[in-house]
Peer 1: 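Encoded as structure tokens, here's the structure I'll be asking about.
Every heavy atom of this structure was used, including side-chain atoms; hydrogens, water molecules and symmetry mates were not.
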Amino acid sequence: MTTLKDMPVGSSCTVKALSGVGAVKRRIMDMGITKGAKVKVVKVAPLGDPLELNVRGYELSIRKDEAEKVEVEPE
């Protein structure tokens with residue numbers, strides 16, 4: 001399955017599952033990235049980390065290792 005880390009800049013997707021466990025999963029969910037949420041990749045930092053996302057109407061930056069734990073379905 002595709003992860004958020006693999007999505008190109010400018011693309012949109014829907015969150016299908018979170019593969020993190022414990023505190024990592026809780027942190028991702030607290031940021032608003034939950035199953036069914038629509039996410040758009042706005043930009044990626046020059047060195048590739050972090051990713052800037054638009055989630056639920058606000059801008060959010062997450063690290064690649066966190067984005068790798070979010071399984072998505074491209075739109």
Peer 1: Answer with yes or no whether the hydrophobic clustering places V42 together with I28; edges join I, L, V, M, F, W, Y residues whose side-chain heavy atoms lie under 4.5 Å apart.
Peer 2: no
Peer 1: Looking only at heavy atoms, what is the nearest atom pair of G32 and R56, with distance?
Peer 2: O-NE, 2.8 Å
Peer 1: Rounded to the nearest 0.5 Å, how far apart are NZ of K25 and OG1 of T34?
Peer 2: 11.0 Å
Peer 1: If you compare all heavy atoms of C13 against all heavy atoms of L4, which two are closest, and at what distance to 0.1 Å?
Peer 2: SG-CD1, 3.8 Å
Peer 1: Rounded at 0.5 Å granularity, tell me how far CD in E71 sits from OG1 in T2.
Peer 2: 9.5 Å
Peer 1: Work out which heavy atom in A67 is nearest to a heavy atom in L51; give both atom names and the distance.
Peer 2: CB-CD1, 3.4 Å
Peer 1: Considering all heavy atoms of both residues, which atom of L18 and which atom of M29 are nearest to each other, and what is their separation?
Peer 2: CD1-CG, 3.3 Å
Peer 1: Is there side-chain contact between V39 and V70, with heavy atoms separated by less than 4.5 Å?
Peer 2: no
Peer 1: Report the C-alpha distance between V15 and V55 in whole Å, list the side-chain angles of each, state the deciding distance to 0.1 Å, and finish with yes or no for side chain to side chain contact (heavy atoms under 4.5 Å, CB included).
Peer 2: CA-CA 11 Å; V15 177; V55 182; over 6 Å; no
Peer 1: Going hydrophobic residue to hydrophobic residue with side-chain gaps under 4.5 angstrom, can you get from I62 over to V24?
Peer 2: yes
Peer 1: How long is the straight-line distance from CG of L53 back to OG of S61, given to the nearest 0.5 Å?
Peer 2: 7.5 Å
Peer 1: What's the separation between atom CE in M1 and atom NZ in K16, rounded to the nearest 0.5 Å?
Peer 2: 7.5 Å
Peer 1: Roughly how far apart are D6 CG and K64 NZ, rounded to 0.5 Å?
Peer 2: 9.5 Å
Peer 1: How many angstroms lie between CG in D49 and CZ in R63, if you round to the nearest 0.5 Å?
Peer 2: 8.0 Å
Peer 1: Could you list all the salt bridge (Lys or Arg N to Asp or Glu O under 4.0 Å) pairs where at least one residue sits in residues 29-47, not counting sequence neighbours?
Peer 2: R26-D30, K38-E75, K43-E52
Peer 1: Backbone N or O of K69 within a donor-acceptor pair of the S19 side chain at under 3.5 Å?
Peer 2: yes
